[in-house]
Amino acid sequence: MRRIIQHTYGEANVLQQDECLDPVLNPGEVLIRVAWAGVNFADIKQRRGGKATGTFPFVLGLDVTGIVIASNPNSAFQVGDRVMAFAKTGSYAEIVRADERLIYRVPLSISLREAILFTTVGILSEMLLTEIGQVKPTDTIIIHSAAGGVGTALIQLALHRGVKQLIATVGNREKIKYVQSFGVEHVFTYDDFAENVLLLTNGKGADVIFDSVADHVTRKSLDCLANYGTLVQFGNSSGSAGELSTTDVHASCRTIRGFSLGTTRQLDPNRIKRAASHILLLLENKKLKMPMIHEFQLSDVQEAHQLMESRQYQGKIVLRIGGDECGS
């Protein structure tokens, strides 16, 4: 089978295609012939060495959609099942292994292409909103990096939950129209959002802020986080951590909550099932959309990574691996 492998940390050119034997099925696993794989910012961090986990060589990638081609006796999955899943040892490959606890059936009414658009970003966003941020319709919320995959999903899920006051931020003004297309009235840049949030809320600030950027964005978020508010920190796409102080929370009764979908997949995989089921239900009912989709062939993975690193994109980046051959 074909796969994308890297032997060292570095720029996108360290990603190389090769061929290897098909993976061997182990207990508690399923083999999936991949139709589509997502490209996520976590892949960029791992490729550069920011996560510094695993041993060389390794295959990047978190999520896939495809067709089950092998399963164990008494497995809940059968050959031919259409699924979305988190791959066990990287998703940039034609066939992957997946833990049965991290596999979810895709109804026939949802294409495998549609499902990959929200496998990671949809599940992550649903858990951020409901479990971590515990967002209520009456909350004023801020979604940073709103034009990316997670931002696109967070906006739609928040609006679906009835949130009335939603404020979004983007890295540059060229992305504002994309975010406004979802019905978001107030969209600012990372440089000017804090003062505008305070103006919009008469000095109160936002009740919940979702921050995957960190660096100075975290400090500016704290400048406009309401008393008793929650800052949800789930990434640092800027490459720099945000700085916090105990004085940021105790007198104002504010909360800082962190979340990692990667950690949750490792330590508590069953916790993800509810969110996955909800995302599939919304997709089946046509309640989620991804207006901007950037498709690349597996052999063009370097270009996919370069586009993500450029930040000159909106929506979701995906790799077409099996595509229609897998029943998408």
Side-chain angles (χ1 to χ4, degrees), residues 117-118 121-122 124-130 132-235 237-238 242 254 257 278-279 282-283 285-294 311-316:
L117 301 175
F118 290 95
V121 302
L124 171 60
S125 297
E126 173 65 13
M127 297 184 77
L128 289 172
L129 278 168
T130 60
I132 313 303
Q134 299 178 7
V135 169
K136 304 182 296 295
T138 54
D139 286 336
T140 294
I141 72 171
I142 299 174
I143 296 172
H144 290 313
S145 193
V150 175
T152 296
L154 269 171
I155 288 170
Q156 293 175 80
L157 290 170
L159 293 175
H160 181 72
R161 290 178 66 81
V163 174
K164 299 295 190 296
Q165 180 75 298
L166 193 162
I167 300 166
T169 72
V170 291
N172 61 67
R173 292 194 165 276
E174 286 72 23
K175 299 179 180 180
I176 289 178
K177 286 186 178 180
Y178 172 84
V179 177
Q180 288 176 330
S181 71
F182 293 100
V184 180
E185 181 180 359
H186 303 294
V187 187
F188 306 109
T189 68
Y190 299 151
D191 296 323
D192 63 4
F193 76 89
E195 50 267 42
N196 281 297
V197 169
L198 292 174
L199 284 172
L200 286 169
T201 59
N202 296 315
K204 174 180 177 288
D207 299 296
V208 186
I209 301 177
F210 295 96
D211 176 19
S212 62
V213 184
D215 198 20
H216 72 285
V217 172
T218 300
R219 171 47 53 192
K220 291 177 73 70
S221 295
L222 290 166
D223 291 342
C224 62
L225 181 64
N227 289 342
Y228 298 96
T230 300
L231 173 63
V232 178
Q233 216 296 316
F234 64 102
S237 62
S238 66
R254 301 187 295 186
R257 299 201 70 183
H278 186 64
I279 292 301
L282 291 177
L283 284 172
N285 292 322
K286 310 300 181 186
K287 299 295 186 182
L288 293 174
K289 62 179 180 178
M290 189 69 69
M292 294 288 287
I293 304 166
H294 308 271
R311 303 185 188 278
Q312 301 303 309
Y313 76 98
Q314 294 88 47
K316 183 66 181 168

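Only this structure's heavy atoms are used, side chains among them; waters, hydrogens and symmetry mates stay out.
Between T189 and R173, the closest heavy-atom pair is CG2-CG, 3.9 Å. In this structure, I141 and A158 approach most closely via the heavy-atom pair CD1-CB, 3.7 Å. In terms of heavy-atom proximity, I279 sits nearest to E126 at CD1-CB, 4.2 Å. Shortest non-hydrogen contact noted between V135 and R161 is O-NH2, 3.4 Å. Between A168 and V179, the shortest heavy-atom distance links the atoms CB-CG1, 3.7 Å.
You'll find the side chain of S145 reaches within 4.5 Å of the side chain of Y190, heavy atoms only. Using a 4.5 Å heavy-atom cutoff, the side chains of I142 and T169 are in contact. Looking only at side-chain heavy atoms (C-beta outward), R254 and L231 stay at 4.5 Å or farther from each other. Side-chain contact between L129 and V208 is absent, with no heavy-atom pair separated by less than 4.5 Å.
By the side-chain hydrogen bond (donor to acceptor under 3.5 Å, both in side chains) test, Q314 pairs with no residue at all, sequence neighbours left out. Every side-chain contact (heavy atoms from CB on, under 4.5 Å) that H294 has, sequence neighbours left out, goes to M292, F296, L307, Y313, I317. Evaluation of the side-chain contact (heavy atoms from CB on, under 4.5 Å) rule for Q312 yields N172, S310 as partners, not counting sequence neighbours. Legend: residues meeting salt bridge (Lys or Arg N to Asp or Glu O under 4.0 Å) with K204, ordered by chain and number and at least two apart, are D207. Shown here are the side-chain hydrogen bond (donor to acceptor under 3.5 Å, both in side chains) partners of S125, two or more places apart in sequence or in another chain: there are none. Every residue was checked against the salt bridge (Lys or Arg N to Asp or Glu O under 4.0 Å) condition with R257, not counting sequence neighbours, and none meets it. Listed by chain and number, the residues in a side-chain hydrogen bond (donor to acceptor under 3.5 Å, both in side chains) with S181 amount to none (sequence neighbours excluded). The ring pair (Phe, Tyr, Trp, His ring centres under 6.0 Å) test applied to F182 returns Y178, not counting sequence neighbours. In this structure K177 satisfies the salt bridge (Lys or Arg N to Asp or Glu O under 4.0 Å) test with no other residue, sequence neighbours excluded.
Between atom NE2 of residue H278 and atom CE of residue M127 there is a gap of 13.0 Å, rounded to the nearest 0.5 Å. One distance of note links CD1 of I143 with CG of D211; it measures 12.5 Å at 0.5 Å rounding. Once rounded to the nearest 0.5 Å, the distance linking NZ of K289 with OG1 of T152 reads 10.0 Å. Note: L128 CG to L157 CG = 10.0 Å, rounded to the nearest 0.5 Å. Interatomic distance, CG of L222 versus CZ of R219, reported as 5.0 Å (0.5 Å rounding). Rounding to the nearest 0.5 Å gives a distance of 9.5 Å between CE of M290 and CG of L283.
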Give every donor-acceptor pair under 3.5 Å between a side-chain atom in residues 193-203 and any protein atom, sequence neighbours left out.
| from | atom 1 | to | atom 2 | distance (Å) |
| --- | --- | --- | --- | --- |
| N196 | ND2 | D192 | O | 2.6 |
| T201 | OG1 | V197 | O | 2.8 |
| T201 | OG1 | G205 | N | 2.8 |

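A side chain to side chain donor-acceptor pair (under 3.5 Å) check over residues 221-230, counting only residues at least two apart or in different chains, returns the pairs H144-S221. Judged as a salt bridge (Lys or Arg N to Asp or Glu O under 4.0 Å), the pairs with a partner in residues 139-152 (not counting sequence neighbours) are, in order, K136-D139.
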- Message: Does V150 form a side-chain contact (heavy atoms from CB on, under 4.5 Å) with F234? I'd like the steps, not just the answer.
- Response: CA-CA 11 Å; V150 175; F234 64 102; 3.9 Å; yes

